[in-house]
Amino acid sequence: MTFEDLRLSDQILKAVQDQGYERPTVIQEKAIPLVLQGLDVLGSAQTGTGKTAAFAIPIIEHLIKNHSNQKGKRKVLSLVVTPTRELAIQIGENFTAYAKYTQIKNTVIFGGVPQRTQTNALRSGVEVLVATPGRLLDLMDQGFISLQDVEYFVLDEADRMLDMGFIHDIKKIIAKLPKKRQSLFFSATMPKNIVSLSQQILVNPRKVEVSPVSSTAETIQQYLYKTNKNTKGQLLLHILRNQDIEQVLLFSRTKHGADRIVRDLRKKSIESAAIHGDRSQNQRQKALKDFKDGRVRVLVATDIAARGIDIDKLRYVINYDIPNEAETYVHRIGRCGRAGEEGISISMCEPEENTDVAAIEKLIKQKIEVITENPFPQTDRAMNADEKKAFEKEKQRKKQEFFANRKKKEGSSKPGFRRGRR
Ligand code: AMP
C-alpha cells in the first residue's frame, strides 16, 4: 500500500514525501482509513511503530476537509493528551511536519516551565492542541483553554498515563469534552484497567493492533531460574559471573528496587546504572549513553523508563522479577535479539511469582526452560490465601504510614506544594 492509496490530500502527500516516508507503516495502513471514516479507534501499538502519524495524518485530513473555511479566531478542534513532555514535543513536531502545506496550527503545552509562551500561543489560536494532563487542567482552570469545540480527541500511551497516576486528571479532562466527538485511544499494553478506561472514552471502537504481543517471544531463547525472594541478589551475582553476558538490560518492577539492585551490584564492582521515573532526564540520558558506550554492564530499568529506548544489538535481558502482566514480559524480552541478533532472556522467579510464570507460558504458548544448575533453588512455598491477605494488609499499612510521614514532612517544608501537576 502507498500513501496515495489512502486518498489523502495533496498537501499531506507532499509533506509525507518531504519526510522521506516511502509507504505507510502497518499501524498507519490499518488506522488511517478507519480514522478517515470517522470511527473511534482502540490502537494497541508502541512508540516506534509510526503511531503518531497514524492519528495525526487523518486528523489533519479531517481538518482540511471540514474546517478550511473557518472564520474568526482558531478554535481547538483536536486535542491530543500524552503523558510526558518529550512525547508532547515529538507529537507537536509531527503535526507541524505533516501540516506544513496547510494553514493548520498546533501548539504544545506541558508542565515544569513558565506558562507565558504557552498561553501566548493559545491566545493567538490553534486547531490542534497537544498537552500533558496536569498543565492542560491548570490552563483550563485559569480560563486559557476551552475544550467545547473539540471534535477529534486522542489519548496517547494510555497505559503509561495510568502508571504515572494520571487517572483522575484524565477523567476530569474527558468530562469537559463534547459528547459528540471522534476518539482515538492508544496504548502499548491492554491490561484490564486500560480496557475499562477505553470503554469510558470510545464508542463502538474498531481495534487496531500491530504484531500481536505474543509473537516476538518465539525468536528469543528464554530461561528461568526458580529461587526464593531473599536469594535473588546472590543468584543475580551468580548469573553475572558468566562473562558471556557482556551487557544486560535488567528489569525491576519498582524504582526503589532498581536503585537497590544498582547499589548492590556496585558494591561488588559491577558497573551498573538505573533509569526510572524518579531520575532526571539528564541522569537517564547519561545512564543510557554509558550503557551504549560500554561503560555500564548492567542497565537496570523499570518498564516505563525502558519503553521507547532503543538499544542496538542487545543480547541479554534479565527479569529480576516476573511482571504480573504477561504482555509486559513479552515487551521486556522483545528488547533483545533485535535486527537478527540472537536474544537471550533470563528470568528469576520467587514462589509468589510462580503463577505469573504460568500466565506468561499460557500467553506465549510455550514452556520456559528451567535452569537446574542453580545454587539458590526455590525451597520456600508460595503463601496460602490467608497468609497472602495478611501480607497485603501489612503492606498497605506500611504504605499508608510511609505516605503519612512524607505528607507530614512536606507539609512542614513546602507549604504551597501541589501533588500530581507536572
Ligand atoms: P512513532 O511511533 O510515531 O514515534 O514514529 C517512529 C518514527 O517513525 C518517527 O521517527 C517517524 O518519523 C517515523 N515514521 C513514521 N511513519 C513512517 C513511515 N511511514 N515511514 C518511515 N518512517 C516513518
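The structure displayed is predicted, hence computed values, not measured ones. One-based numbering, in listed order, for ligands and for the atoms of each.
Of the candidates Phe186, Tyr98, Tyr21, it is Tyr21 that places a heavy atom closest to atom 13 (C) of ligand 1.
No donor-acceptor contact under 3.5 angstrom links the side chains of Asp303 and Thr328, judged on distance only.
Ligand 1 has no N or O atom lying under 3.5 Å from any N or O atom of Pro24, backbone or side chain. In terms of polar-atom proximity, defined here as any N/O pair under 3.5 Å, Asn94 makes no such contact with ligand 1.
Remark: ligand 1 atoms within the under-4.0 Å shell around heavy atoms of Phe3 are 19 (N). The distance from ligand 1 to the heavy atoms of Thr52 drops below 4.0 Å at these ligand atoms: 1 (P), 3 (O), 4 (O). Annotation for ligand 1: atoms under 4.0 Å from non-hydrogen atoms of Thr25 are 17 (C), 18 (C), 19 (N).
Remark: Tyr152 engages His62 in a ring pair (Phe, Tyr, Trp, His ring centres under 6.0 Å) (not counting sequence neighbours). Residues passing the side chain to side chain donor-acceptor pair (under 3.5 Å) test with Asp321: none are found, sequence neighbours excluded.
Neither the backbone nor the side chain of Phe55 has a heavy atom within less than 4.0 Å of ligand 1. Contacts between Arg23 and ligand 1 below 4.0 angstrom, taking non-hydrogen atoms only, involve the backbone exclusively.
A donor-acceptor pair is defined here as one N or O able to donate and one able to accept, closer than 3.5 Å; no such pair exists between the side chain of Arg135 and the backbone of Thr132. Distance alone, capped at 3.5 Å, places no donor-acceptor pair between the Asp293 side chain and the Arg295 backbone.
Ring geometry, Phe376 versus His238: the interplanar angle exceeds 60°, so the pair is classed perpendicular (tilted spans 30 to 60°).
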